[in-house]
Amino acid sequence: MTVVPRPVTEEDWPGIVALETQTYAGSGLSESPEALVSRMNRSTSYVLADGRRILGYALSLPYPRFRFPDLAHADTTPFISTNLHLHDLVVGPDHRRLGLGGRLLGHLMAEARRQAYEVVSLVAVGDAAGFWAARGFLRHPEITLPAAYGPGATYMSWLLRAED
């Protein structure tokens, strides 16, 4: 399947919200559409689409290192940070195991380097920490996450450049 990541457009949001709900509603981690929109930076958030159908997406935004969004509320304060927080990376169930998640992540990491971010962080939910660790992200067990992220949630990061 040949689809390439492209920036999120206004027309993509119904598909993103549907995919996010399908992925997280059963675990209680689904967010409001307003909260999802607030987790996106236009220059570091992408979709994989087949026409108008969203196959996957990545939402990321500058966020202070070792901090993370409150899942119950939309972010109202934009941050300036050398840390890019990957809030959500989802590939629809019918398109998993085709390398699309890796394609999204590779694109995001290349863009993070190009834009001079120093760190990419994320919260691995459920049992996803092993997936992210296999891709080079390091666990930070010293960071306490709120219960809203669910059992087993782990803050993780990848150092892109040495900090000053």
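Along the sequence shown, residues carry numbers from 1.
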### Query
Quick check: are there more than 12 heavy atoms from other residues, nucleotides or ligands sitting under 6.0 Å from NE2 of H140?
yes
### Task
Taking all non-hydrogen atoms of both residues into account, name the closest pair between R139 and G130 and its distance.
NH2-N, 3.5 Å
#### Entry: Common cluster, M40/Y24, ILVMFWY with side-chain heavy-atom separation under 4.5 Å
yes
### Task
For residues L61 and N41, report the shortest heavy-atom separation together with the two atoms involved.
CA-CB, 3.9 Å
### Query
Considering the options D70, D75, D88, which one meets the salt bridge (Lys or Arg N to Asp or Glu O under 4.0 Å) requirement together with R39?
D75
### Query
Between H87 and S60, is any side-chain donor less than 3.5 angstrom from a side-chain acceptor?
no
### Reported CD1-to-CH2 distance for the pair I54 and W13, which is rounded to 0.5 angstrom
10.0 Å
### Message
If we ignore hydrogens and angles and just use 3.5 Å, is the side chain of S38 paired with the main-chain N or O of A74 as donor and acceptor?
### Response
no
### E34 and V37, any side-chain heavy atoms less than 4.5 Å apart
no
### Query
Taking all atoms of both residues into account, what is the closest heavy-atom pair of L48 and P5, and its distance?
CD2-N, 3.3 Å
### Step-by-step side-chain hydrogen bond (donor to acceptor under 3.5 Å, both in side chains) determination, S30 to E20
CA-CA 7 Å; S30 190; E20 189 271 355; 2.7 Å; yes
### Query
In the single-linkage hydrophobic clustering (I, L, V, M, F, W, Y; side-chain heavy atoms under 4.5 Å), do Y57 and L71 co-cluster?
yes
### Query
What distance separates R114 CZ from S43 OG, expressed to the nearest 0.5 Å?
8.0 Å
### Message
Nearest 0.5 angstrom please: T21 OG1 to L29 CG, how far?
### Response
12.0 Å
### Message
Is there a side-chain contact between V119 and T82 in this structure, where contact means two heavy atoms from C-beta onward sitting under 4.5 Å apart?
### Response
no
### Task
Start with the C-alpha gap between L122 and W158, add the side-chain angles, then the distance that decides, and say whether side-chain contact (heavy atoms from CB on, under 4.5 Å) holds.
CA-CA 9 Å; L122 58 85; W158 181 325; over 6 Å; no
### Query
Any side-chain heavy atom of R103 sitting closer than 4.5 Å to one from Y46?
no
## Note on the structure
In this structure, CG of L104 is separated from CG of L59 (nearest 0.5 Å) by 10.0 Å
#### Entry: Residue that, paired with H85, satisfies side-chain contact (heavy atoms from CB on, under 4.5 Å) out of S157, P64, P69, P62
P69
### Task
Would you give the length of the straight line joining atom CZ of R65 to atom OH of Y155, rounded to the nearest 0.5 angstrom?
6.5 Å
#### Entry: Minimum heavy-atom distance G92-L19, with the two atoms named
CA-CD1, 3.4 Å
### Side chain to side chain, L55 and V3, heavy atoms closer than 4.5 Å
yes
### Message
Are L160 and E118 packed together at the side-chain level, in the sense that at least one heavy-atom pair is separated by less than 4.5 angstrom?
### Response
no
## Note on the structure
Smallest heavy-atom separation, E31 atom then L36 atom, equals OE2-CD2, 3.9 Å
### Query
Can you list the residues that meet the salt bridge (charged side-chain N to carboxylate O under 4.0 Å, His left out) rule with R42, with sequence neighbours excluded?
none
### Message
Contact between Y117 and N83 at the side-chain level, heavy atoms closer than 4.5 Å - yes or no?
### Response
no
### Worked verdict on Q115 versus T44 for side-chain hydrogen bond (donor to acceptor under 3.5 Å, both in side chains)
CA-CA 9 Å; Q115 293 185 35; T44 59; 5.7 Å; no
#### Entry: Heavy-atom side-chain contact between T23 and V91 under 4.5 Å
no
### Message
Tell me if the centroids of the rings in Y63 and F68 come within less than 6.0 Å of each other.
### Response
no
### Query
Only one of L89, V123, L138, T154 forms a side-chain contact (heavy atoms from CB on, under 4.5 Å) with W132, so which one is it?
L89
### Query
How far apart are the C-alpha atoms of R53 and D50, what are their side-chain angles, what is the distance that settles it, and do they pass the side-chain contact (heavy atoms from CB on, under 4.5 Å) test?
CA-CA 5 Å; R53 185 172 60 140; D50 181 13; 3.4 Å; yes
### Summary
By side-chain hydrogen bond (donor to acceptor under 3.5 Å, both in side chains), T9 pairs with (sequence neighbours left out) E11, D12
### Message
Let me confirm one number: the OH-OG1 distance from Y149 to T144, rounded to the nearest 0.5 Å.
### Response
13.5 Å
### Query
So, R135 side chain and F131 main chain: donor-acceptor pair closer than 3.5 Å or not?
yes
### Task
Grab the two heavy atoms, one from F137 and one from M156, that are nearest each other, plus how far apart they are.
O-CE, 3.5 Å
### Greater than 12 external heavy atoms within 6.0 Å of E10's CD
no
